[in-house]
Protein chains: 2
Amino acid sequence: MLKISKKADYALMALQHIASVQFGDITPGRVVNTKEIAEEYNIPLELLAKVLQVLSKNGLIESHNGPKGGYLLARSAGQITIAQILESIEGPLGITDCSHEKEGEFCMQRDHCNIRTPLLKVQDSIAQLLNNMTLEDMLGGTPLITIQSPSAQGVER
Amino acid sequence: MLKISKKADYALMALQHIASVQFGDITPGRVVNTKEIAEEYNIPLELLAKVLQVLSKNGLIESHNGPKGGYLLARSAGQITIAQILESIEGPLGITDCSHEKEGEFCMQRDHCNIRTPLLKVQDSIAQLLNNMTLEDMLGGTPLITIQSPSAQGVER
DNA sequence: ATGATCTCCGATCAATATGGTCGGACTAAG
DNA sequence: CTTAGTCCGACCATATTGATCGGAGATCAT
């Protein structure tokens with residue numbers, strides 16, 4: 001339960017990769033294209049492309065067209081939260097259907113609903129959790145990808 | 001994103017209702033049947049029935065067959081956690097596909113995966129949150145349902 | 001300047017999971 | 001023994017997700 005979609009998974013992997021390349025010590029500032037990521041992580045190329053499109057559209061990354069083109073983080077890794085990434089792909093956080101009810105629309109159970117308040121509390125807790133975690137935290141937490149470079153030039157955050 | 005299924009919603013509503021009846025001051029220990037819950041909360045009868053079957057099968061509630069039959073909480077409200085309820089309906093908690101990988105099966109991205117560890121951390125936090133919240137907490141948080149028929153115990157509305 | 005190639009982009013199709021429904025089996029009261 | 005009421009298990013329709021295809025735009029090499 002509460003499984004996030006594959007697309008969201010791919011988005012996280014891709015952004016982590018872009019961040020590690022862009023802010024790494026090997027080739028800082030390098031532009032990275034879709035194909036590179038897809039091959040590195042065995043992600044279907046076209047699907048990943050679509051995911052990156054959405055991230056670009058939502059202002060998380062910048063796209064550069066043409067040969068030698070690719071993607072670039074729109075802001076620093078510390079300024080991109082997990083919540084922002086997931087919401088870009090899967091839409092706003094909502095444990096229940098009635099989380100974002102507009103004025104005038106109610107779920108069929110609303111009038112006698114007994115679980116709305118406590119569930120919203122749970123939702124807030126999760127939101128807080130995801131908002132306090134950034135891409136930078138992900139870089140530090142796990143061993144970074146290591147591109148085949150014989151001179152292992154210490155990769156750190 | 002991270003939306004829980006309707007069935008899980010219904011399960012929570014039903015259990016909250018059963019608990020509030022069983023441990024309430026009006027008719028303590030009363031058995032409550034599917035129809036009563038379905039009508040009270042406008043839930044499709046047959047679907048709710050299926051949900052309750054699963055809860056019964058998983059040992060959260062006890063079923064009593066025949067006329068005057070119905071369901072009863074298997075243990076006290078304080079001993080039933082939200083996590084147990086949700087997992088009964090939607091299966092074990094798993095943010096990612098690789099959360100419960102058996103020995104020998106790996107996702108296609110596993111060898112270079114860079115997000116597994118941090119995501120598992122997030123998952124643990126959510127699990128802790130859901131495990132620390134019980135049905136009893138839900139009873140206290142919201143105004144209890146009020147059956148509007150002090151005289152007749154039976155058909156209303 | 002121009003061609004060609006490489007990139008991103010939008011619309012389309014299949015697979016899975018969910019929401020919802022139907023008829024049968026059992027139990028216990030009258 | 002009859003009968004009404006309950007739980008139970010298998011079935012179908014729909015919606016969301018996963019994956020795919022061809023086209024438009026931009027940059028570099030000639």
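Computation of the quantities below employed the complete heavy-atom set of this structure, encompassing side-chain atoms and omitting hydrogens, waters and symmetry-equivalent molecules. Please read all numbers here as calculations on a predicted model, not as lab measurements.
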key: Qualifying salt bridge (Lys or Arg N to Asp or Glu O under 4.0 Å) pairs, either residue in residues 50-63 of chain B, two or more places apart   = none
query = Would you say D:dC8 has OP1 or OP2 under 4.0 Å from some side-chain N or O of B:S63?
reply = yes
message = A side-chain contact here means heavy atoms from C-beta on lying under 4.5 Å apart; do A:P92 and B:M1 qualify?
response = no
key: Residue closer to the 5' end of DNA chain C, A:K35 versus A:K3 (nearest nucleotide)   = A:K35
Short N/O separations, protein against nucleotides 19-22 of chain C, under 3.5 angstrom:
unit_1	atom_1	unit_2	atom_2	d
C:dG19	OP1	B:K6	N	2.5
C:dG20	O6	B:K50	NZ	3.2

request  = Figure out the CG/C1' separation between B:L2 and C:dT18, and round it to whole Å.
outcome  = 17 Å
task = With sequence neighbours excluded, tell me which residues meet side-chain contact (heavy atoms from CB on, under 4.5 Å) with B:P44.
result = B:Y10, B:L47
inquiry  = For residues 79-95 of chain A, which residue pairs pass the side-chain hydrogen bond (donor to acceptor under 3.5 Å, both in side chains) check, not counting sequence neighbours?
reply    = A:S5-A:E90, A:R75-A:Q84
B:D97 CG to D:dT17 P, straight-line distance once rounded to whole Å = 14 Å
ask   = To which residues is A:V31 joined in a hydrophobic cluster, defined by side-chain heavy-atom contacts under 4.5 Å among Ile, Leu, Val, Met, Phe, Trp and Tyr, whether direct or through other members?
value = A:L72
remark   = Atom CG of B:N33 and atom P of C:dA29 are separated, to the nearest Å, by 15 Å
ask   = With a cutoff of under 4.5 Å between side-chain heavy atoms, which Ile, Leu, Val, Met, Phe, Trp and Tyr residues group with A:L45?
value = none
query = Can you give one letter per nucleotide of nucleotides 24-30 of chain D, going 5' to 3': B for a protein heavy atom under 4.0 Å from the base, S for sugar-phosphate only, - for none?
reply = -BBB---
inquiry  = Please enumerate all residues that pass salt bridge (Lys or Arg N to Asp or Glu O under 4.0 Å) together with B:K6, with sequence neighbours excluded.
reply    = A:D97
key: Length of the CG-P vector between A:D9 and D:dT17, whole Å   = 14 Å
ask   = Separation of A:I89 atom CD1 from D:dT17 atom P, in whole Å?
value = 12 Å
task = Please state how far atom CE in A:M1 lies from atom P in C:dT18, giving the value in whole angstrom units.
result = 13 Å
inquiry  = Output the rounded distance in Å from CG (B:N58) to P (D:dC7).
reply    = 17 Å
request  = Could you list who else is in A:L120's hydrophobic cluster, with ILVMFWY side chains joined at under 4.5 Å, directly or through other members?
outcome  = none
ask   = Distance-only, no hydrogens or angles: does the A:D137 side chain make a donor-acceptor pair with backbone N or O of A:M133 under 3.5 Å?
value = no
ask   = A:E62 CD to C:dC8 C1': how many Å, rounded?
value = 15 Å
